[in-house]
Amino acid sequence: MHEDTTWQNPVEEAVEVQLLDEKFETCIKNIARNKVYHMLCHDRWQCVKEGFNIDDAYACEAPANRHWFFIFYGMVFFCSLLVLDVFVQACRKKVPCMRISGGDYLAFCFLQKRTYLYRYISGFFLVMAGFTICGLLALAASSGHLGWAVQYGLAPVLVVALSMRSFTLPYKAMFDYTGSDFKKIAFKRKFLETSDGFGKRWSTALVQSQRNKAAHLLKNILRDTPTDVDLKKFRSICKFAP
């Protein structure tokens, strides 16, 4: 009997495994992209062996593939509808002429999230995010890859779903921002600060001004240094909402 004396360097073997993993990952991405965008399927093992070739694609006939196709373009449609709604409302309210540090811009951001169309579409996004997570786990469990999905695929989906809260759930302000006097106030806003984050800072400053006559937070958040009379005026304008 002849023993197999073939020996492979462990370093070379590790490099080959890494290249094979990268090739497999590239194939999976290209296959998924063509399946979602164009309803075209590929043989994944042929892709790994011979490389990805668009000419090897064939029309997907399984109902599940069609479902993902319509779900993807349905979400694109609703995203476009949401962007169009914000754009139309911004043009109506002349937002391009507003200053980001102005109270009129802050009021627009708060009121926009409370419109019916915005809230319906945002609620739809949250519901679809829940269905997507449940659907991914169900597909992974049915194919025997639940552990892999939980370890590698679930975290990115959860991060995207949780990040949607910043633009889907309206911020319930503790102050009244619907009056005309509020829109005339000029604030000091931090760089890349969201309207919800600034609203929380403004609420904290108002609470502090009610308990402390010095009102340091309120003075630091206003662009123009206010006097004691102005502070009373700001408290009356931004009365706490019920």
- Query: Near Arg114 CZ, under 6.0 Å, is it more than 12 heavy atoms from other residues, nucleotides or ligands?
  - Reply: yes
From [X] atom [atom1] to [Y] atom [atom2], the distance as rounded to the nearest 0.5 Å:
X      : Y      : atom1 : atom2 : answer
Asp104 : Cys97  : CG    : SG    : 10.0 Å
Tyr177 : Phe182 : OH    : CZ    : 9.0 Å
Tyr118 : Asp85  : OH    : CG    : 9.0 Å
Met98  : Leu106 : CE    : CG    : 11.0 Å
Leu206 : Arg201 : CG    : CZ    : 12.0 Å
Lys183 : Phe108 : NZ    : CZ    : 11.0 Å

Indicate, with yes or no, if [Y] and [X] share a hydrophobic cluster defined by side-chain heavy-atom contacts under 4.5 Å among Ile, Leu, Val, Met, Phe, Trp and Tyr.
X      : Y      : answer
Phe110 : Ile221 : yes
Val83  : Phe77  : no
Ile121 : Leu84  : no
Trp202 : Tyr105 : no
Ile100 : Leu111 : no

- Under 30°, 30 to 60°, or over 60°: which ring-plane class applies to Phe124 and Phe78, parallel, tilted or perpendicular? tilted
- Query: Would you say Ser163's side chain and Val160's backbone share a donor-acceptor pair under 3.5 angstrom?
  - Reply: yes
- Message: I'd like to know if the side chain of Arg189 reaches the main chain of Glu193, judged simply by a donor and an acceptor atom lying under 3.5 Å from each other, with no hydrogens or angles considered.
- Response: yes
- Task: For side chain to side chain contact (heavy atoms under 4.5 Å, CB included), just list the numbers for Met75 and Phe125, CA-CA rounded to whole Å, side-chain angles, deciding distance to a tenth of an Å, and then say yes or no.
- Result: CA-CA 8 Å; Met75 295 299 291; Phe125 283 159; 3.4 Å; yes
- Task: With the side chain counted from C-beta on, respond yes when Val127 and Phe131 share a heavy-atom pair under 4.5 Å apart, and no when they do not.
- Result: yes
- Message: Any non-hydrogen side-chain atom of Asn220 less than 4.5 Å from a side-chain atom of Lys188?
- Response: no
- Item | Minimum heavy-atom distance between Ser195 and Cys109, given as atom pair plus value | OG-SG, 3.3 Å
- Task: Can you see which heavy atom on Gly103 is nearest to which on Phe187, and at what distance?
- Result: CA-CE1, 3.7 Å
- Looking at Lys113 and Asp196, does any basic side-chain N land under 4.0 Å from a carboxylate oxygen? yes
